[in-house]
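Please read the structure below before turning to the comments.
Both ligands and their constituent atoms are indexed starting at 1 by order of listing. Here, residue 1 is the first one in the sequence, and each next residue gets the next number.
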Amino acid sequence: MEQIVADNINKYYGMPSENSRRSYERLQVLAGVSFRVEKNDFVSILGPSGCGKSTLLRLLAGLDRDYEGSIHVDGTDLKEKRVPVCYMLQKDHLMPWRTLMENVLLPAEIEGADLKKEAEIIRPMLKEFGLEEFENYRPHALSGGMRQRAALLRTYRMRGDIMLLDEPFGALDEITRMQMQDWLLDVWGRHRKTVLFVTHNIDEAVLLSDRVLVMSSRPGSIVKDIRIGFPRPRNRDMLLSSQFLSYKGDILASLG
Ligand SMILES: Nc1ncnc2c1ncn2[C@@H]1O[C@H](COP(=O)(O)OP(=O)(O)O)[C@@H](O)[C@H]1O
Ligand SMILES: [Mg+2]
């Protein structure tokens, strides 16, 4: 089933003009972006820095309705009604004064949900997220990978069937990043949601995704939509295959 239908999106930001303080210039960030995403697919959005990936995610999260074109989620037009989604910014945004559990409970707290009940759901998940025994730690006492997993767990517990992840592993060192990719594949395999995963790392996009949408530089448009045919479960050896090199070649060619 098609869950997300984005049709011909143009997005501009108003910028103060260099010539006159009273006039505004329009900076076009997205140009004619159209794509569809099937329910429970893992789709990466890959593109150069500044091409509009974070902007596109904000639109999909329903946080900005100032664009041309339309986005439908489960048939609902996002300009008319918000649809709850799980949205994670590039920075982990954990609150330093809260413990890990208190941070993960935040979305439930904002919604006024029963926190005792929610904690009982979260507690067994801590093990899966590699956070067992760290429930009462504050973010500064956790490693970079753990903070990122805590942020992912918090995102996962938000209301909604769609996860929007904005370069979740961008700030991690290479080895931690690989561990996090393996872990995400495993967890996503068991708790499926539709994932839109923004990255500028080609290997990561191919390893994780069912599809890779390649964006041009600003104004961003989708220049290639590549289906990744590797079977699941995925493993790192796939990165050494000739099929992988062929995907990578395709992506590099479309990045120009
Ligand atoms: N609120 C804003 N106002 C004006 N320009 C913005 C705003 N947010 C982003 N931009 C500009 O839009 C372009 C795309 O930004 P962004 O979506 O963050 O790109 P990416 O995530 O692909 O790096 C950049 O040139 C950026 O400077
Ligand atoms: Mg960005």
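Between Arg157 and Pro107 there is no side-chain heavy-atom pair separated by less than 4.5 Å.
Counting protein heavy atoms only, atom 9 (C) of ligand 1 is closest to Tyr13 CE1, 3.4 Å.
The Arg218 neighbourhood of ligand 1 comprises atoms 13 (C), 25 (O), with distances under 4.0 Å to a heavy atom of that residue. Every atom of ligand 1 is numbered from 1 in the order shown, and the set under 4.0 Å from a heavy atom of Thr55 is 15 (O), 16 (P), 17 (O). Within the listing of ligand 1, atoms 14 (C), 16 (P), 17 (O), 19 (O), 20 (P), 22 (O) sit less than 4.0 angstrom from a heavy atom of Gly52. Taking a cut-off of under 4.0 Å to the non-hydrogen atoms of Ser49, the atoms of ligand 1 that pass are 23 (O). Every atom of ligand 1 is numbered from 1 in the order shown, and the set under 4.0 Å from a heavy atom of Gly50 is 13 (C), 14 (C), 19 (O), 20 (P), 22 (O), 23 (O), 24 (C).
At a heavy-atom cutoff of 4.0 Å, ligand 1 is contacted by no atom of Met215, backbone or side chain.
The Mg ion (ligand 2) has no N, O or S atom of Ser49 closer than 2.8 Å.
For the pair Lys79 and Tyr67, the cation-pi test (distance below 6.0 Å, angle within 45°) is passed. With Trp188 as the aromatic partner, Arg192 meets the cation-pi criteria of under 6.0 angstrom to the ring centre and within 45 degrees of the ring axis. A cation-pi arrangement is absent between Lys248 and Phe244 under the rule of less than 6.0 angstrom and at most 45 degrees off the ring axis. Remark: Arg149 is not positioned above the aromatic ring of Phe129, lacking an NZ or CZ atom under 6.0 angstrom from the ring centre and at most 45 degrees off the axis.
Salt-bridge check for Asp7 with Arg36: failed, with every basic side-chain N at 4.0 Å or more from each acidic carboxylate O.
Exactly one of Glu132, Glu118, Glu135 qualifies for a salt bridge (Lys or Arg N to Asp or Glu O under 4.0 Å) with Arg123. That residue is Glu135.
Of the N and O atoms on the side chains of His191 and Glu128, at least one donor lies less than 3.5 Å from an acceptor on the other residue.
Between Val29 and ligand 1, not a single N/O pair is under 3.5 Å apart. Taking any N or O of Gly14, backbone or side chain, none lies under 3.5 Å from an N or O belonging to ligand 1.
Atom 18 (O) of ligand 1 has its nearest heavy-atom neighbour, among Gly47, Ser54, Pro48, in Ser54.
Checking atom 26 (C) of ligand 1 against the protein gives no heavy-atom contact under 4.0 Å.
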